[in-house]
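The structure appears right after this line, and notes come after that.
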Amino acid sequence: MRTNDADLPIWRSILFVPATSARFIESAVRQAADALQIDLEDSVSPQEKDVARAAVAPIARSFVQAGKAVIVRVNRPWRLLVRDLEASVCEAVSAISLPKVPDAGFIKSVAEVLSELEFERGLVQGHTRLIAMIEDPEGVHHVDAIAQAHARMLGLIVGAEDLAVSMHMAVNEDTLYTPNIMALIAARRAGLMPLGFIGSVADYKDQEAFRKRIERARSLGFEGAFCVHPSQVPIINEGFAPQASEVEHARALMLAFEQAQVEGKAAFAYRGRMVDLPVIEQARRLLAKVERLKRFEKSRDVQL
C-alpha cells in the first residue's frame, strides 16, 4: 500500500481529447487541465481507429511540450486493446486508462503487455501506469482486487454511463453513490488516486450543478476527475483545491496546536470544537496539499 500522497501526481482535471479532432487537439494545450487524455475509444469511430493510433505519439509529444501530463484511454476488446497499447507506449505517455475492467487478472495481463513494450522501446519498467475504469457489475464486485492488482495501478474511476447501462439503472446520485464509494475505499486502501464524482461527466451545461458535484466529491475524498468539456476544467481545478477559508483555518489551528504542546495539552478547544491528533492530521494534510499545488503550478509555469 502506498501511504504518501506525494507519490501520486497532481491530476485534478483530466480532459478528454479525441485523437482524430485537430480542433480539439489544438484547443487542449490552451486549457488549464492538469492532464490531457487522448481518447481512442468512444470519441473515435471504428473506421478511424487506425488513424487515431498513428496520431497518439505525435499528439502526446506536443502535449508534453505544452507542460501537460498525458494519458491515453484505450479500447476494451483485446484485439483493439493490444493495438492501442502498441501505439501508446512511449516516453510522453504517463498512463493508460482501461475501460470496463472486470477483474485483477485483466490488469495483470495488460501489465505484462506493457512490460514487453517498455523493454522493446528502452523505457524504464513501470513507466506506464494504469487507471482502471469500473463500468459493469463484474468490475464493481472485484473493485478492491483490481485496486491491489499490480504496482502499475495509479487510479480508479467509475464510468457512470457505461455502469448505468450494464446495471439497467438511471444515472443519478442515488444509483451512483455506492459504486463510487466502493471505488474510493478501494483506491485509498491501495494507495491509489480516487477519481470521479457522483454523477455523469456528460452533464456539463449546468455549471452551478457541476460545481456542487465537484465540491461534494472533494468532501467525500476524491482527488480529481475526468472532464469532457473545457468549461469543466476551471471548476474541477478550483473544486479539488483547498479553499482559502480552509487554509486560513488550518494554519490558525496549527498555531493553536503548537501553543497547546508548549502547555502540555494533548487535546484542546479551538473555535468551539475539541481538537485532538486526528483533527491536527487533517490540517497537516491540507497544508501539505497546498504546498504540493504551489510546487506543481510553479513547475508548470517553468515548463511553459
Heavy-atom pair with the smallest gap, counting every atom of Gly199 and Ala160: O-CB, 3.5 Å

Quick test of your reading: applying ring-ring contact (aromatic ring centres under 6.0 Å, His included), list the pairs with at least one residue in residues 25-56, sequence neighbours left out, ordered by first then second residue. none

Contact summary for Leu293 and Pro242, nearest pair of heavy atoms: CD1-CD, 3.5 Å

Audit row: Arg61, Glu91, side-chain contact (heavy atoms from CB on, under 4.5 Å) steps and yes/no: CA-CA 8 Å; Arg61 287 193 294 269; Glu91 183 67 35; over 6 Å; no

Check whether any side-chain heavy atom of Leu154 sits under 4.5 Å from a side-chain heavy atom of Trp11, and report yes or no. yes

Remaining members of Leu255's ILVMFWY cluster at a side-chain heavy-atom cut-off under 4.5 Å? none

Nearest 0.5 Å, what's the CD1-CD1 distance between Ile181 and Ile198? 5.0 Å

Ile131 vs Leu98 side-chain heavy atoms within contact, under 4.5 Å: no

Side chains of Glu48 and Ser45 in contact at under 4.5 Å (non-hydrogen atoms): yes

Okay, side chain of Ser94, backbone of Arg129: is any donor-acceptor separation there less than 3.5 Å? no

Are Ile236 and Phe210 packed together at the side-chain level, in the sense that at least one heavy-atom pair is separated by less than 4.5 angstrom? yes

Listing request: all ring-ring contact (aromatic ring centres under 6.0 Å, His included) pairs with a residue in residues 154-186, at least two apart in sequence or in separate chains. none

If Ile, Leu, Val, Met, Phe, Trp and Tyr residues are connected whenever their side-chain heavy atoms lie under 4.5 Å apart, and connections chain through other members, are Phe296 and Val247 in the same group? no

Can you tell me how far the CG atom of Leu15 sits from the CZ atom of Phe63, to the nearest 0.5 Å? 8.5 Å

Hydrophobic cluster membership, Met193 vs Val290, 4.5 Å side-chain cutoff: no

What are the two closest heavy atoms between Val201 and Cys227, and how far apart are they? CG2-CA, 3.8 Å

Are Lys212 and Glu215 close enough for a salt bridge, meaning some N to O gap below 4.0 Å? no

Test of understanding: with salt bridge (Lys or Arg N to Asp or Glu O under 4.0 Å), list the residues that count as partners of Glu118, not counting sequence neighbours. Arg152

Could you please spell out the steps behind the side chain to side chain donor-acceptor pair (under 3.5 Å) verdict for Ser97 and Gln37? CA-CA 8 Å; Ser97 286; Gln37 182 157 222; 2.4 Å; yes

Within the structure provided, determine whether Val279 and Arg273 are in side-chain contact (heavy-atom separation under 4.5 Å). yes

Please evaluate residues Val110 and His150 with respect to the criterion side-chain contact (heavy atoms from CB on, under 4.5 Å), reporting the C-alpha separation (whole Å), side-chain torsions for both, the decisive distance (0.1 Å), and the verdict. CA-CA 10 Å; Val110 171; His150 199 276; over 6 Å; no

Quick note, ring-ring contact (aromatic ring centres under 6.0 Å, His included) partners involving residues 224-250, not counting sequence neighbours, are Phe16-Phe226, Tyr204-His229, His249-Tyr270

Under the side chain to side chain donor-acceptor pair (under 3.5 Å) test, which residues partner Asp42, sequence neighbours left out? none

Could you state whether Val171 and Ile214 fall into the same hydrophobic cluster, counting links through intermediate Ile, Leu, Val, Met, Phe, Trp or Tyr residues with side-chain heavy atoms under 4.5 angstrom apart? yes

Could you name each residue pair satisfying side-chain hydrogen bond (donor to acceptor under 3.5 Å, both in side chains) that touches residues 13-24, not counting sequence neighbours? Ser13-Asn237

Side-chain heavy-atom pair Val113, Val89 within 4.5 angstrom cut-off: no

Has the side chain of Gln243 got a donor or acceptor atom that lies under 3.5 Å from a matching backbone atom of Ala241? yes

To the nearest 0.5 angstrom, please state how far the CD atom of Gln232 sits from the CG atom of Asp203. 9.0 Å

Heavy atoms of Ile38 and Ala19 approach each other most closely as CG2-CB, 3.7 Å

Residues pairing under side-chain hydrogen bond (donor to acceptor under 3.5 Å, both in side chains) where one sits in residues 74-88, two or more places apart or in two chains, turn out to be Lys49-Asn75, Arg53-Asp84, Asn75-Asp84

A quick test of your reading: do over 12 heavy atoms of other residues, nucleotides or ligands sit less than 6.0 Å from CD of Glu26? no

Considering residues at least two apart in sequence or located in another chain, which fulfil the side chain to side chain donor-acceptor pair (under 3.5 Å) criterion with Ser200? Glu161

When every non-hydrogen atom of Val101 is compared with those of Ile134, the smallest separation belongs to O-CD1, 4.5 Å

Less than 4.5 Å apart, side chain to side chain, heavy atoms only: is that true for Arg216 and Arg213? no

Any residue meeting side chain to side chain donor-acceptor pair (under 3.5 Å) with Lys265, in chain and number order, not counting sequence neighbours: Glu263

Nearest 0.5 Å, what's the CD1-CG distance between Ile146 and Leu130? 11.5 Å

Grouping I, L, V, M, F, W and Y whenever their side-chain heavy atoms are under 4.5 Å apart, do Val93 and Val51 come out in a common cluster? no

Pick one: which of Leu81, Asp162, Val74, Asp136 meets side-chain contact (heavy atoms from CB on, under 4.5 Å) with Pro99? Val74

Test question: given the 4.5 Å side-chain rule for I, L, V, M, F, W and Y, name all other residues clustered with Val44, or answer none. none

Under-4.0 Å salt bridge between Arg12 and Asp34: yes

Are Arg73 and Asp39 close enough, and set up right, to give a salt bridge (charged side-chain N to carboxylate O under 4.0 Å, His left out), and what steps lead you there? CA-CA 5 Å; Arg73 181 172 71 167; Asp39 190 24; 2.8 Å; yes

Report the C-alpha separation of Asn172 and Thr175 in whole Å, then their side-chain angles, then the decisive distance to 0.1 Å, and conclude whether the side-chain contact (heavy atoms from CB on, under 4.5 Å) test is met. CA-CA 6 Å; Asn172 59 45; Thr175 61; 3.4 Å; yes

Decide, yes or no, whether a salt bridge links Arg271 with Glu248 under the criterion of side-chain N to carboxylate O below 4.0 Å. yes

Without swapping roles, check the side chain of Asp144 against the backbone of Ala147 for a donor-acceptor pair under 3.5 Å. no

Sorted by first residue and then second, give each ring-ring contact (aromatic ring centres under 6.0 Å, His included) pair with at least one member in residues 108-148; sequence neighbours left out. none

Considering all heavy atoms of both residues, which atom of Pro137 and which atom of Met167 are nearest to each other, and what is their separation? CG-SD, 3.4 Å

In Arg188, Arg218, Arg285, the residue satisfying salt bridge (Lys or Arg N to Asp or Glu O under 4.0 Å) with Glu223 is Arg188

Shared ILVMFWY cluster between Leu192 and Leu8, side chains joined below 4.5 angstrom? yes

Using a 6.0 Å cut-off, check whether atom CD of Glu116 has over 12 heavy atoms from anything other than its own residue. yes

d(Glu135 CD, Ile157 CD1) to nearest 0.5 Å is 9.0 Å

Val275 vs Ile280 side-chain heavy atoms within contact, under 4.5 Å: yes

